[in-house]
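Report on the structure given below.
For the single chain, residues carry numbers from 1 onward in sequence order.
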Amino acid sequence: MYTSITEFIEEWNHEAASTQKVLDALTDPSLQQEVSPEDRTLGAIAWHIVTSTPGMLIEFGITVEEIKDSNSIPSSAMEIAETFRRVSADTSDAIKQQWTDQSLSEMKNVFGREMPKAVTLSLLIKHIIHHRGQLTVLMRQAGLNVPGVYGPSREEWSQMGMEAPTL
């Protein structure tokens, strides 16, 4: 749980940058990659990350701009990535402006549960991490190079002159 806004912003910026790397690696055709016919496509999951971030912030009581036409998934990977770039910056700015270190311990009813505001921020970060993991699997299935997130990806090992681990 966060004890300061700065602590959250540092982690948000790190995780959002990792998510941005993944979104920047998407291609327009890859957005159609399916898990199965009953599940979201890669593009739908990517767009969910983008649109749910301000949606969650609004649920937390933070004033941010909602995504217009959030139910309409763009066919442009660049549009998705650029929209997240703006959403990510807006997230940092809004939290810095609207909450304080002291307000993090205040309780808030979120999605029908009472929790400290600091916990809501943790949920926001866990949410993008969860869906980013889904994206990377679908990117592999779509034949894309996957950027490293918490360490080098298979492709990045060879760029470092090393062999990727196989086990």
Q. Side chains of Glu11 and His14: is there a donor and an acceptor less than 3.5 Å apart?
A. no

Q. Do Met107 and Phe60 share a hydrophobic cluster (ILVMFWY, side-chain heavy atoms under 4.5 Å, transitive)?
A. no

Q) Quick one: do Tyr150 and Met162 end up in the same hydrophobic cluster if we chain Ile, Leu, Val, Met, Phe, Trp and Tyr together by side-chain heavy atoms under 4.5 Å apart? A) no

Q.
Between Arg132 and Glu15, does any NZ, NE, NH1 or NH2 come within less than 4.0 Å of an OD or OE carboxylate oxygen?
A. yes

Q.
Is it the case that the side chains of Thr6 and Glu10 hold a donor-acceptor pair, with the cut-off being a distance below 3.5 Å and no angle test?
A. no

Q | Flag, side chain of Ser4 to backbone of Asp101, donor-acceptor distance under 3.5 Å | A | no

Q: Can you see which heavy atom on Val119 is nearest to which on Met1, and at what distance?
A: CG2-SD, 3.4 Å

Q: Give, for atom CD1 of Ile62 and atom CH2 of Trp99, the distance between the pair rounded to the nearest 0.5 Å.
A: 4.0 Å

Q: Identify the two heavy atoms, one from Asp28 and one from Met78, that lie closest to each other, and give their separation to 0.1 Å.
A: OD1-N, 4.3 Å

(Q) With a 6.0 Å cut-off (strictly less than), is the heavy-atom count around CD of Glu163, excluding the residue itself, greater than 12? (A) no

Q. Taking all atoms of both residues into account, what is the closest heavy-atom pair of Ala46 and Leu23, and its distance?
A. CB-CD2, 3.7 Å

Q. Is there side-chain contact between Arg140 and Val146, with at least one heavy-atom pair below 4.5 Å?
A. yes

